[in-house]
Structure formats: structure tokens, C-alpha cells
**Q** 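Sharing a structure, written as C-alpha cells. Questions coming.
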Amino acid sequence: MEHYERGLVSAVTPVYNGEAHLHTLLDALLAQTYPRMEIILVDDGSTDGTAAAAERYRDKFAARGYSYRLVRGEHKNASAAINGGLPFVTGEFLIWPDSDDVLEPESVERRVDFLQKHPGYQCVRSLSYYFDAETGQRLAERDEKQGDLSKEDLFWDILEFQTFVCCGCYMLRSGAFFSIYPDRSIPEYDVGQNFQMLLPFMYRHKCPTIPQELYGVAVRPGSHSRRALDQALEEKKYSDYERLVDDIAAICRIADKASLDRLECWKARRRYQISMKYGRGQAASQALRQLRRCGGLRNGETVRLLCEVYLMHSRVGRRLYPLYRRIRYGQP
């Protein structure tokens, strides 16, 4: 049985070519009001001065009384980088903030305090806000839905994008997390490291929400999560997510028909959306048939989706479809 240092918070952060922005997160960690943390920074094969920038903080963290470790590896992806840090986790609590985001000074303390006062919970999350990385100004718009904040069963809400997966908002008990991943390794994909971290955990445990904005998400044009993808890359991304969700379903040992059908509907809906976006009528029709078979069509949706497919198959529709695509998907 593994031992975790009581009260210690482990922060695992992957970073790739973060020389220009890494200081934002590291300064925020140094400013935490919570006294007991270990920082595990994983350099995912950066080609800039990330490692040197990280090394400049070693004395600062020592003066703060925080353990600080820099792990370096070959460039793969964020989930592989997280795997580079997980073997070094010794704290009772686990967080994994992004390398360009910020934590409010009381972010860690508020979440630890909640879990210590509510030992029946294995995790907790806070709210986030978004800010312009260049100006620091808070933004009104959010990338993710907040959803029903009173809900604690979040597996399906996270999977179906009805609530946020913002990584720095969540805090997990390390023992519960590593009981899911005893080899301290999450599935490695080019997409979805937060799905790997959260979904198997949320399938087993309830997660309450602290209704305070304790984490700031940097909005930076051209960042990895916001860069424009061409058709081949976007279709690969969709395919990777399907394979990832299959892996997660196996980790969760999902076997009941209703849940398996719901997962198939999730995949079919996404196949339909990406096929329609790129004018692939046959693939869209196949996805629509799959969506009907698994019972995934919502009230009033059947006619609209059939009309969309008709636009791509009829002679008149093929002339109208480019206009429809521009309006609905923002495609040229």
C-alpha cells in the first residue's frame, strides 16, 4: 500500500516551449497561501529556453519551502508529459495546472480545506475565469459551459461537454487516483489529457464545486488548444478522441447496454458533425443512421439533420450547402 504525505499537495505541470509564459504559473504557485506543496514540472522536449527559465526558479521555491523538481523528456504530448511527473507524486492531494495559467493565491488552500473538512469526498473543483494573456484583462466569454453546479455526478457531463474540464480547477486525492492507475500512467494520446485524468475518477467518485473563481485560464491566439487545424488534423483529432473514450470505457469497466449505447451516440454525433463540416455526405449519412440506432436523436432533431444531409446530396442542395456551411460552421 502506497503512502502519501498527509496534507502535502503535488502539482504536476507539463510544459512545451513555455519560456515566454512559464513565469506566470510559477509566480502564482509561489504566491499560494497554502504552506505545503511539491512542484513537479515536466519539460516535454522543449526546443526553446524552457528548461533554463524553469531552473531560475529553483532557489525561489527552496526559499518558499516548496519541493521543486524539473523532469525532462523527449517531445511527445501533454499526456506523456504528465506520465513523466506522476511517478514522483508523494502528496495526499494532486493538481495539474497548465503552464500558462494562474491560480489565485488562496486556490490551493480553499480546496485542501474543503477536502479536509469533508473526508467523504475524494475530489473537489472550483470555478475558473478567462483572461487575455497579453493584457491580463479578464474576458467575459468562456470556452466551456459551467453546467449545473449543484451536480456531483459529473462523468457524463464532462464527456458530453455540459460542464468544464479545466484542469487547474480540480483537486483529487492521490490515493484514489492511483488506485485507478496503479502503474502511475494514464493513456497517452495527442488529445484529451484531462479526459484521462478526470473521467475514470468521476465514474467512481462524486465531485462537488466550490462556487468561486480560483483559477485563471490564459487566452492566447495560436496556443496549442486554439490553433486552427486543417481537415486532416481535425479528423485525426476526432478519431483519437474516439479511441481514447474506448480506452476510458475499458478502464471504467462500463458494460451496461444503456451506457454503451450512450457512448456510441457520443461518437456518432461527433462523426456526423465533422463529416458535415467538411462536406462528406456519405459519412454523415452513416453517422446519422448510427445515431438513430443508438437512440441518440433528440426531440425535433431528426428533420433538421435529415435536411442537412439532403443539402449535400441533392443538385440544388449542393449549390446551397457552401452558404449553409459558412453560416453554421464558419467554413469558407
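In what follows, every heavy atom counts, from backbone to side chain, and hydrogens, waters and symmetry copies are set aside.
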**Q** Is a donor on one side and an acceptor on the other found under 3.5 Å between the side chain of Arg58 and the backbone of Tyr68?
**A** yes
**Q** Does the side chain of Glu213 pick up a donor-acceptor pair with the side chain of Ser126 at under 3.5 Å?
**A** no
**Q** Taking the basic N atoms (NZ, or NE/NH1/NH2) and the acidic carboxylate oxygens, is any pair closer than 4.0 Å for Lys145 and Glu160?
**A** no
**Q** Would you check if the side chain of Ser10 reaches a backbone N or O of Gly91 as a donor-acceptor pair within less than 3.5 Å?
**A** yes
**Q** Could you tell me whether the side chains of Arg270 and Gln273 share a donor-acceptor contact shorter than 3.5 Å?
**A** no
**Q** Can we say Arg173 and Glu92 salt-bridge, meaning some charged N sits less than 4.0 Å from an Asp/Glu carboxylate O?
**A** yes
**Q** Once you round to the nearest 0.5 Å, how far does CG of Leu26 lie from CD1 of Ile39?
**A** 8.0 Å
**Q** Determine whether the side chains of Arg271 and Gln290 contain a donor N or O and an acceptor N or O closer than 3.5 Å.
**A** no
**Q** Is the closest side-chain donor-acceptor distance between Asn77 and Glu188 under 3.5 Å?
**A** no
**Q** Is there a donor-acceptor pair closer than 3.5 Å between any side-chain N or O of Asp48 and the backbone N or O of Glu19?
**A** yes
**Q** Would you kindly say whether Glu152 and Tyr121 are connected by a side-chain donor-acceptor distance under 3.5 Å?
**A** yes
**Q** Any donor-acceptor pair under 3.5 Å linking the side chain of Thr163 with the backbone of Gln146?
**A** yes
**Q** Determine whether a donor-acceptor pair (N or O, by modelled atom type, separation under 3.5 Å) exists between the side chain of Arg204 and the backbone of Pro200.
**A** yes
**Q** If you measure from the SG of Cys265 to the SG of Cys294, is it under 2.5 Å?
**A** yes
**Q** Is it the case that Thr50 and Asp43 place a side-chain donor and acceptor less than 3.5 Å from each other?
**A** no
**Q** Looking only at side chains, do Arg280 and Tyr278 share a donor and an acceptor under 3.5 Å apart?
**A** no
**Q** Do Ser107 and Arg111 have side-chain atoms, one donor and one acceptor, less than 3.5 Å apart?
**A** yes
**Q** Would you call Asp246 and Arg243 a salt bridge, using N to O less than 4.0 angstrom?
**A** no
**Q** Does Phe177 reach the side chain of Ile186, with side-chain heavy atoms less than 4.5 Å apart?
**A** yes
**Q** Just how far is it from atom CG of Asp247 to atom CZ of Phe195, taken to the nearest 0.5 Å?
**A** 13.5 Å
**Q** For Arg6, is there any backbone N or O sitting under 3.5 Å from a side-chain donor or acceptor partner on Arg36?
**A** yes
**Q** So, does Asp230 use its side chain to make a donor-acceptor pair with the main chain of Ala232 at under 3.5 Å?
**A** yes
**Q** Could you check whether Tyr272 and Gln286, counting side-chain N and O atoms only, form a donor-acceptor pair closer than 3.5 Å?
**A** no
**Q** Please check if any side-chain donor atom of Asp101 sits under 3.5 Å from a side-chain acceptor atom of Tyr215, or the reverse.
**A** yes
**Q** Taking the side chain as every heavy atom from C-beta outward, state whether Thr90 and Tyr4 have any atom pair closer than 4.5 Å.
**A** no
**Q** Determine, for Phe131 and Arg138, whether the Lys NZ or Arg CZ falls below 6.0 Å from the six-membered ring centre while staying within 45 degrees of the axis.
**A** no
**Q** Which of parallel (below 30°), tilted (30 to 60°) and perpendicular (above 60°) describes Tyr170 and Phe164?
**A** tilted
**Q** Hey, could you give me the OH/OG distance between Tyr189 and Ser239, rounded to the nearest 0.5 Å?
**A** 9.5 Å
**Q** Is a side-chain donor or acceptor of Ser46 paired with a backbone partner of Asn17 at a separation under 3.5 angstrom?
**A** yes
**Q** Does atom CZ (Arg262) have a neighbourhood of more than 12 heavy atoms from anything else shown, all under 6.0 Å?
**A** yes
**Q** For the NE2 atom of His23 and the NE2 atom of His21, what is their distance to the nearest 0.5 Å?
**A** 8.5 Å
**Q** Will you find, in the side chains of Arg142 and Tyr130, an N or O donor that is under 3.5 Å from an N or O acceptor?
**A** no
